[in-house]
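Structure first, commentary second.
For clarity, every value in this text was computed on a predicted model and none was experimentally measured. Just follow the structure's listing: the first ligand is 1, and inside any ligand the first atom is 1.
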Amino acid sequence: MGWNLRFFLLGAILMPVEALVEAKFDNFPTDIAVIGAGIGGASSAYYLRKLFGSDVSIDMYEPHSVGGRLATAKIDDKEFESGGSIIHPKNHYMVKFAEELGLKHRKSLPSQFALYNGQEFVFTESSSSLLTLAKLLWRYGWDCVRLNKLIGQTLTHFENIYTLQDGGNAYSSVEELLYAMGGTRFVNMTQKSVTEGLKEEGFSARFINELAMAAMRENYGQTVDIPFFVGAVSLAGAQEGLWAVEGGNKRVPEELVKTAKVNLIPGEVSKVMLDKSGDRPKFLLQYQVKDPNDNQILTEQKGYDIVIVATPLNEGISNITFADLPTPLPEVKGKFHRTVANFVQGKLNAEYFGILDPKSAPTGIMTVNADILFNSIGKHNPVTIPKDYSPVGPESEDAVWKVFSQRPLTDSEIGQLFTVVKKTQVVDWLAYPRYTCPGHLGTFVLHDGLYYVNNIEWAASAMEMSAIGGRNVALLSYNWWHGLDGKVDPGRTTKTEL
Ligand SMILES: Cc1cc2nc3c(=O)[nH]c(=O)nc-3n(C[C@H](O)[C@H](O)[C@H](O)COP(=O)(O)OP(=O)(O)OC[C@H]3O[C@@H](n4cnc5c(N)ncnc54)[C@H](O)[C@@H]3O)c2cc1C
Ligand SMILES: *[C@@H]1O[C@H](CO)[C@@H](O)[C@H](O)[C@H]1NC(C)=O
Ligand SMILES: *[C@@H]1O[C@H](CO)[C@@H](O)[C@H](O)[C@H]1NC(C)=O
């Protein structure tokens with residue numbers, strides 16, 4: 001380790017960077033708006049508060065509930081994750097947020113997954129991890145070792161972002177951010193498919209068509225044709241130590257929003273206009289809110305120095321228009337993929353899957369074939385697990401299953417998969433991008449002072465990605481406001497066109 005780095009580290013230990021820069025300036029924005037209270041908006045509010053201090057007013061617009069795609073469904077007085085559910089142990093922001101906010105990791109309970117091809121299980125996990133390893137090695141050979149190496153390398157690069165953001169660096173586009181993390185390697189990974197990427201790394205067709213396919217179907221409802229970068233994020237979900245938040249992952253944005261002391265407005269933003277009539281340009285937000293007295297919809301307007309858009313702008317999701325900007329906004333590309341979470345409390349039809357003893361049915365069925373009716377089926381535990389909790393087995397009528405599919409399943413389809421159906425509930429999501437390959441990577445900057453988190457999802461959609469995107473737009477806001485140009489896309493000279 002060189003001396004420079006040592007001094008840098010010493011500085012970082014003695015004084016948090018944010019406190020250090022804050023002291024240098026005396027002009028601060030008075031009003032900031034964050035549109036959307038998902039993990040992306042909550043993370044940006046948290047960091048905006050840290051960067052700009054206690055005087056700035058932060059309004060957060062959210063017509064639905066705080067958490068967005070982190071949400072729960074209630075069955076029998078118990079709540080179950082209906083959206084984002086799994087967190088990787090190396091997701092530093094999610095880990096840090098939970099710790100700082102006093103949220104606990106949910107107890108993990110034994111589970112057993114199997115890969116289903118529409119006729120039979122091509123792989124079944126054993127209750128003994130040693131036996132499972134032996135089975136994996138038998139079926140996929142050295143690909144198991146290759147997978148660990150691939151994920152390890154990807155994570156090492158990925159973790160660069162934390163040091164860079166701690167140092168106050170911000171990125172104007174998703175490509176710049178990926179480049180800062182992993183150089184051309186990461187950018188290239190967005191331009192080829194999972195199949196191409198894994199083939200180049202020496203993986204077998206069997207691994208690609210079974211394990212990788214199952215992971216893409218489970219996590220993104222899509223296939224191995226999606227870009228390799230999001231594919232690698234998805235494959236990291238095969239590692240040990242995955243966790244979730246006790247009480248539900250939505251607890252993280254809920255608590256972040258409180259810590260950031262935002263003013264939560266239950267309104268839906270419809271228009272963002274640039275108003276140049278004053279001393280300093282302001283953004284006028286037009287929003288619709290229900291009058292609490294008579295439930296009439298009112299249209300209101302308010303001005304801001306900085307606006308963060310923390311919701312996808314894609315069709316069917318947010319419907320925000322922009323006006324009076326000097327240059328038209330870049331086109332909002334792509335569509336979002338529909339994934340339906342069909343909750344079923346009941347008894348799995350073991351016979352349908354060719355299982356002889358229902359007690360031995362896998363608790364997680366993943367699929368390796370895009371023609372299958374469902375993406376995956378999993379037996380779930382509630383988001384709050386009491387001390388004396390013992391999960392019911394897969395043979396129980398009281399088990400709660402989540403079936404992911406591309407459209408709501410009909411009663412007769414549910415009837416094929418389950419012999420007893422006690423309760424059902426459907427949560428219909430526009431869940432994540434419908435990825436195309438080569439992937440397109442957009443901008444975080446819509447205008448000076450107007451930033452957009454959710455293009456980051458086109459690299460990969462995950463809680464941690466939105467948390468990183470949220471901090472990035474907070475840093476972009478801060479660096480722009482104080483003219484810290486050297487902290488935006490630092491050290492980048494050559495650019496590739498995407
Ligand atoms: C079924 C499913 C499973 C998933 N599984 C995982 C997983 O296991 N692990 C993982 O890491 N990730 C997972 N994800 C992805 C993860 O949930 C998302 O990437 C992440 O939650 C996105 O957060 P966000 O804040 O960027 O967006 P959102 O959570 O969508 O937040 C945007 C918010 O903006 C609000 N909004 C929209 N329009 C307006 C408007 N006009 N005015 C004001 N507010 C508006 C919306 O109501 C919403 O609350 C999953 C997602 C789904 C749907
Ligand atoms: C990424 O692709 C470019 C262009 O094909 C190539 O020059 C570069 O070496 C690649 N980077 C890596 C790390 O493979
Ligand atoms: C989107 O907004 C426009 C203009 O305000 C409105 O005409 C349209 O009905 C809205 N669409 C949806 C899906 O809400």
Side-chain angles (χ1 to χ4, degrees), residues 33-45 59-71 73 81-88 91 93-94 153 157 179 182-192 197 200 218-221 230 233-234 236-237 242-244 249-250 252-253 256-257 264-272 285-289 308-314 316-321 336-342 375-376 378 402 404-405 427-433 452-457 459-470 473 494 496:
V34 178
I35 306 173
I39 184 67
S43 157
S44 69
D59 286 347
M60 185 175 245
Y61 291 89
E62 176 57 68
H64 305 294
S65 40
V66 172
R69 276 172 276 166
L70 305 184
E81 296 285 3
S82 62
S85 57
I86 282 165
I87 305 169
H88 192 275
N91 285 171
Y93 289 145
M94 291 307 291
Q153 279 173 349
H157 287 302
Y179 184 79
T184 53
R185 181 182 161 85
F186 273 9
V187 179
N188 290 4
M189 284 172 82
T190 65
Q191 301 301 296
K192 56 185 155 211
E200 279 173 24
E218 157 93 14
N219 294 321
Y220 293 107
V230 56
V233 167
S234 180
L242 304 178
W243 62 285
N249 295 328
K250 66 178 181 186
V252 174
L256 280 177
V257 163
L264 203 56
I265 300 173
E268 178 164 358
V269 175
S270 52
K271 204 169 182 182
V272 180
L285 247 63
Q286 194 181 78
Y287 63 99
Q288 276 72 43
V289 67
I308 306 292
V309 181
T311 166
L313 289 169
N314 299 78
I317 300 182
S318 58
N319 208 19
I320 301 171
T321 57
F336 263 54
H337 186 85
R338 185 184 195 189
T339 289
V340 182
N342 307 267
N375 305 344
S376 65
K402 182 164 64 183
F404 277 133
S405 58
V427 184
D428 198 345
W429 295 108
L430 278 175
Y432 15 67
Y452 178 38
V453 180
N454 291 74
N455 264 333
I456 201 165
E457 292 189 65
S461 177
M463 295 172 228
E464 185 74 2
M465 294 300 285
S466 284
I468 290 170
V473 296
T494 51
T496 46

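- If you look at Ser82 next to ligand 1, the close heavy atoms, those under 4.0 Å, all belong to the backbone.
- Inclusion of Ile39 in the set of residues having an N or O under 3.5 Å from an N or O of ligand 1 is warranted.
- Residue contacts with ligand 1 include Gly67, since one of its heavy atoms falls under 4.0 Å from the ligand.
- Ranking the protein heavy atoms by distance from atom 33 (C) of ligand 1 puts Glu62 OE1, 3.5 Å first.
- When hydrogens are left out, the protein atom nearest atom 14 (N) of ligand 1 is Gly84 CA, 3.7 Å; that is the closest non-hydrogen contact.
- Among the atoms of Arg69, some N or O lies under 3.5 angstrom from an N or O of ligand 1.
- Annotation: Trp429 places no N or O atom under 3.5 Å from an N or O atom of ligand 1; distance criterion only.
- Atom numbering of ligand 2 starts at 1 in the shown order; those under 4.0 Å from a heavy atom of Arg185 are 13 (C).
- Using a 4.0 Å cut-off between heavy atoms, Asn454 contacts ligand 1 through its side chain alone, with no backbone atom that close.
- For the ligand labelled ligand 1, residue Tyr287 lies outside the 4.0 Å heavy-atom shell.
- Distances from ligand 1 to the non-hydrogen atoms of Gly267 include at least one value under 4.0 Å.
- The shortest N/O to N/O separation between Ile320 and ligand 1 does not fall below 3.5 Å.
- The closest heavy-atom contact to atom 10 (C) of ligand 2, among the options Asn188, Thr184, Val187, comes from Asn188.
- No N or O atom of Thr339 sits closer than 3.5 Å to an N or O atom of ligand 1.
- Taking distance alone, with nitrogen or oxygen atoms compared against 3.5 Å, Gly40 approaches ligand 1 more closely than that limit.
- Remark: atom 5 (O) of ligand 2 lies closer than 4.0 Å to no protein heavy atom.
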